[in-house]
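Below is one structure, written out as structure tokens, with a few remarks after it.
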Amino acid sequence: MIFFLKLLCEALTIAIFARAVLTWFSPRPGNTLVNVLYHVTEPVLAPLRCIIPTTGRVDFTPLVAIILLQLIARFLP
């Protein structure tokens with residue numbers, strides 16, 4: 001079970017990172033990869049957006065989410 005949770009944290013970290021990198025480009029809205037990344041990462045990012053205010057055009061939510069996921073994975077036994 002612990003191994004699965006660590007693997008889930010790593011997979012979500014990669015997905016959030018990929019989503020953040022995709023924002024630098026303008027992918028087509030109907031792109032399947034973009035849709036999958038949004039559906040997988042939004043449940044993690046949406047609650048954080050309620051807590052973390054956006055500063056202009058920069059969204060720090062993915063960075064905070066990645067840090068939290070890595071802390072969770074590190075502190076699991």
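Note that these values count all heavy atoms, side chains included, but never hydrogens, waters or copies made by symmetry.
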To the closest 0.5 Å, what do you measure between [atom1] ([X]) and [atom2] ([Y])?
X	Y	atom1	atom2	value
Ile52	Asp59	CD1	CG	8.0 Å
Leu8	Leu12	CG	CG	4.5 Å
Phe17	Thr41	CZ	OG1	13.5 Å
Ile14	Leu69	CD1	CG	11.0 Å

Over all atoms of both residues, closest heavy-atom pair of [X] and [Y]:
X	Y	result
Leu68	Leu48	CD1-CD2, 3.9 Å
Thr13	Cys9	OG1-O, 2.8 Å
Val40	Ala15	CG1-CB, 4.4 Å

*Going through the distances and angles, do Leu5 and Phe3 end up as a side chain to side chain contact (heavy atoms under 4.5 Å, CB included)?*
CA-CA 5 Å; Leu5 289 175; Phe3 175 75; over 6 Å; no
Would [X] and [Y] show up in the same hydrophobic cluster when neighbours are defined by side-chain heavy atoms closer than 4.5 Å?
X	Y	result
Phe75	Phe4	no
Ile51	Val44	no
Leu45	Trp24	yes
Ile72	Leu7	no
Val21	Phe60	no

*Could you list the residues that satisfy salt bridge (Lys or Arg N to Asp or Glu O under 4.0 Å) with Glu42, not counting sequence neighbours?*
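Arg19, Arg49.
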*Under the 4.5 Å side-chain heavy-atom rule for ILVMFWY, direct or indirect, which residues accompany Leu22?*
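Same cluster as Leu22: Leu33, Val34, Leu37, Tyr38.
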_Derivation and outcome, side chain to side chain contact (heavy atoms under 4.5 Å, CB included), residues Arg74 and Lys6_ = CA-CA 8 Å; Arg74 182 169 301 255; Lys6 286 184 178 186; over 6 Å; no
_With sequence neighbours excluded, residues passing side-chain contact (heavy atoms from CB on, under 4.5 Å) with Ala20_ =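 Applying side-chain contact (heavy atoms from CB on, under 4.5 Å) to Ala20 gives Pro62.
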